[in-house]
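Only a predicted model underlies this, so the values are computations on that prediction, with no experimental measurement involved. No hydrogens, no waters, no symmetry mates; every other heavy atom, side chains included, goes into these values.
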Amino acid sequence: MVSDIRSAPNNPLKWYNLHSNDTAAISSAVSAGRQIANSNKGSQRFGAALSLTHTPQTGLTIHLGVGASF
């Protein structure tokens with residue numbers, strides 16, 4: 001998004017449509033970071049996550065993550 005910011009003033013709606021998925025991805029990353037930061041405060045030391053994404057380039061992608069904290 002930042003590398004393409006120069007084109008935003010020329011056609012803001014097109015720029016937003018091009019980068020609307022980027023905004024959602026950044027928001028999800030921030031949310032995940034907050035959850036990770038807060039996970040150390042609880043007593044639960046094991047977790048798992050499953051997510052699905054779809055892009056025209058890669059199609060449907062399934063992500064599975066497992067983690068433990070000692």
Side-chain angles (χ1 to χ4, degrees):
M1 288 176 63
V2 174
S3 64
D4 192 32
I5 195 70
R6 291 181 186 173
S7 66
N10 297 337
N11 193 343
L13 189 56
K14 183 178 178 183
W15 183 85
Y16 174 77
N17 287 335
L18 279 172
H19 298 289
S20 62
N21 289 339
D22 297 344
T23 305
I26 292 169
S27 177
S28 294
V30 169
S31 176
R34 286 182 182 152
Q35 288 177 356
I36 291 169
N38 290 333
S39 68
N40 237 0
K41 297 176 183 173
S43 62
Q44 186 178 7
R45 300 292 185 198
F46 181 79
L50 176 69
S51 67
L52 302 172
T53 58
H54 182 271
T55 62
Q57 294 85 10
T58 62
L60 182 65
T61 306
I62 301 171
H63 303 274
L64 175 64
V66 179
S69 177
F70 300 99

Practice item. Answer with yes or no whether the side chains of T58 and T55 bring together a donor and an acceptor at under 3.5 Å. Key: yes

Check your understanding: Side chains of H63 and T53: closer than 4.5 Å at any heavy-atom pair?
Key -> yes

Check your understanding: Mind checking whether I62 and L50 have side chains closer than 4.5 Å, heavy atoms only?
Key -> yes

Check your understanding: How far does OG1 of T61 sit from CG of L52, to the nearest 0.5 angstrom?
Key -> 9.0 Å

